[in-house]
Amino acid sequence: METDVKVPLSRRQSDKPASSGGAGKQKHKQTKPAYIWSHEEVMKWFKRHCADHYRKYAELFTFHEITGQSLMRLTEEKLERMGIADEQHRRDLMGHLYRLKLRHEGMELRALEKGPGLCYSG
């Protein structure tokens, strides 16, 4: 007897790792640099990585039209000016943002090691 397997909406075809010609899956897929994300991509990241605060602050991120460029420039003070009054919430959000920045910098370093012209920054 066959059963239907439901795939969560968050696991789309584009989220699956690319394969390398049958030789197995690639360890890291090429990702778009965070600083060029659209507002929608920022909101997707925010929902995935900051789920505890997403419902409370998604409207603020939308009101302020936070894009990748503005996301990467956020500070705890800017979050407070945006309307996030709870200090622990700001710290939590900044922790997630620091991890994103660290991952982004690692991507840039790997691109630099591969050779000129492969950097993400312009």
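Formation of a donor-acceptor pair under 3.5 Å by the K78 side chain with backbone atoms of R73 is found in this model. When atom types are taken as modelled, the side chain of R90 and the backbone of I84 share a donor-acceptor pair closer than 3.5 angstrom.
When the shell of 6.0 Å around CD of Q88 is examined, it contains more than 12 heavy atoms from other residues, nucleotides or ligands.
In this structure, the side chains of H96 and W45 come closer than 4.5 Å at one or more pairs of heavy atoms. Side-chain atoms of L71 and W37, non-hydrogen and from C-beta on, do get closer than 4.5 Å to each other. With a 4.5 Å cut-off on side-chain heavy atoms, L93 and E76 do not count as touching. Using a 4.5 Å heavy-atom cutoff, the side chains of R99 and R103 are not in contact. Side-chain contact between M72 and L100 is present, with at least one heavy-atom pair separated by less than 4.5 Å.
Here the straight-line distance linking atom CD of E80 with atom CE of M82 works out to 12.0 Å at 0.5 Å rounding. Separating the CG atom in L79 from the NE2 atom in H53 is a distance of 10.5 Å, to the nearest 0.5 Å. The line from OG1 of T75 to CG of L97 is 9.5 Å long, rounded to the nearest 0.5 Å. In this structure, K32 NZ and S38 OG are separated by 5.5 Å, a value rounded to the nearest 0.5 Å.
Counted by atom type alone, Y57 and H89 present one or more donor-acceptor pairs between their side chains at under 3.5 Å. Between the side chains of T62 and E59, no donor N or O sits under 3.5 Å from an acceptor N or O.
Of all non-hydrogen atoms in E65 and S70, the two that sit nearest each other are O-OG, 4.2 Å. In terms of heavy atoms, A34 sits closest to H104 at N-ND1, 3.9 Å. The shortest non-hydrogen separation linking K101 to L74 is NZ-O, 4.0 Å.
Hydrophobic clustering, with ILVMFWY side chains joined whenever heavy atoms are under 4.5 angstrom apart, keeps I36 apart from L102.
The list of ring pair (Phe, Tyr, Trp, His ring centres under 6.0 Å) pairs with a residue in residues 58-80, not counting sequence neighbours, reads F46-F61.
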Stepwise salt bridge (charged side-chain N to carboxylate O under 4.0 Å, His left out) test for R91 and E87
CA-CA 6 Å; R91 287 182 181 175; E87 183 178 356; 2.5 Å; yes

